[in-house]
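The block underneath contains the structure these notes are about, expressed in structure tokens.
Every heavy atom of this structure was used, including side-chain atoms; hydrogens, water molecules and symmetry mates were not. Start at 1 and go down the list; that is how both ligands and their atoms are numbered. From a predicted model like this one, the values you see are computed outputs, not experimental measurements.
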Amino acid sequence: MKHNNQVFDNVLDLVGNTPLIRLNKITSKFKGNFFAKVEAFNPGHSSKDRIALHIIEEAERKGILNPGDTIIETTSGNTGFSIAMVSIIKGYECVLAVSSKSSADKIDMLKTMGAKVYVCPAHVSADDSRSYYQVAKRLHEEIKGSVYINQYFNDLNIDAHYQYTGPEIWNQTEGKITHLIACSGTGGTISGTAKYLKEQNPNIKVIGVDAFGSVIKKYHETREFDEKEIYPYRIEGLGKNLIPTATDFDAIDKFVKVTDEESAHTARLIAKTEGLFVGYTSGAAMQAVIQLEEAGEFSKKDNIVIIFPDHGSRYMSKIYSDKWMNDQGFFDSINEAAAKTIQY
Ligand code: PMP
């Protein structure tokens, strides 16, 4: 990962080293200094470029991956896009087993990036042979020399953020960071970044963001898997209905839960106030910050870093569509937290 030269050998040289951008208007009434780590500046427009590149390069180093080999994953989201991008440059086949719930746009985008996409029925259990988990597993067994990224259960997911995201934030804040706020999906971003930062300064507070409808926060508090916590929600990439081993629960101090509606409004507010066109989970992370501020979490001298995981362009037919917002009933009530900060 290098940014020293003006001319880059290929797009992968632009992975990582994303900017830390001060938030001004949206936090103007808050105590503390707020900075966003804007992962949309990665060439694949999300933090997942980091793990795709790191996991693939580790497999190359170990001699597991050779030119022409196949890389398999089960996602139609950011990770799929990043793996497809890395595969093009490095000359691998990229095979993605995705759920039939994935939008046609997403599937087209992955195909554009050279991926072979297997669309698997959404409404079957994870152990059904037709599910995308089982299809990916079977393909991995059948295709000799294939690598299965398996981001929820791959320690290298944490390691990518331990090696890169953590040190970047430490250097960008000159060691003055006091709080890290990050969404938890696989948990790789928050766990790896937290581990590095806490090794530098154990007093840094690490706060995870979880969705209502996900088991992660409750598991953090009780270490018990509570099925009652699980119900459908709309934010993609945040929270989970299982416990990923890529989450290091001991590295995280606490979790905050956010709603679909408030997160959507807050993402729109970030665009309108800071000119940053970021994704749904960036709105979720910012929404958690608003809640924490209201609860008196921060003081004047604190330096709070918030991870904004991806770009807004992936959500044009969702949170950035007035029709979608209206269909969800999100325009029925004005989001209170957002309204308190600024009217839009
Ligand atoms: N936001 C988005 C948009 C994502 O795709 C993800 C990854 N699932 C996350 C946040 C959470 O990152 P992590 O998986 O590293 O916890």
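Salt-bridge formation is not detected for the pair Glu73/Lys48: no Lys NZ or Arg NE/NH1/NH2 atom is positioned less than 4.0 Å from an Asp or Glu carboxylate oxygen. Between Arg314 and Glu236 there is no salt bridge, since no side-chain N of the basic residue sits under 4.0 Å from a carboxylate O of the acidic one.
Listed by chain and number, the residues in a salt bridge (Lys or Arg N to Asp or Glu O under 4.0 Å) with Asp108 amount to none (sequence neighbours excluded). Scored by the salt bridge (Lys or Arg N to Asp or Glu O under 4.0 Å) test, Glu93 finds no partners at all (sequence neighbours excluded).
Residues Trp324 and Phe330 place their aromatic rings such that the two centres sit under 6.0 Å apart.
In the hydrophobic clustering, Phe212 connects to Tyr231, either directly or through intervening members, whenever side-chain heavy atoms lie under 4.5 Å apart.
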Short N or O separations between ligand 1 and the protein, below 3.5 Å:
residue	atom	partner	partner atom	Å
ligand 1	1 (N)	Thr281	OG1	2.7
ligand 1	5 (O)	Asn78	ND2	3.2
ligand 1	8 (N)	Gly237	O	3.3
ligand 1	14 (O)	Lys48	NZ	2.8
ligand 1	14 (O)	Thr186	N	2.8
ligand 1	14 (O)	Thr186	OG1	2.6
ligand 1	15 (O)	Thr186	OG1	3.4
ligand 1	15 (O)	Thr189	N	2.9
ligand 1	15 (O)	Thr189	OG1	2.5
ligand 1	16 (O)	Gly185	N	2.7
ligand 1	16 (O)	Thr186	N	3.3
ligand 1	16 (O)	Gly187	N	2.8

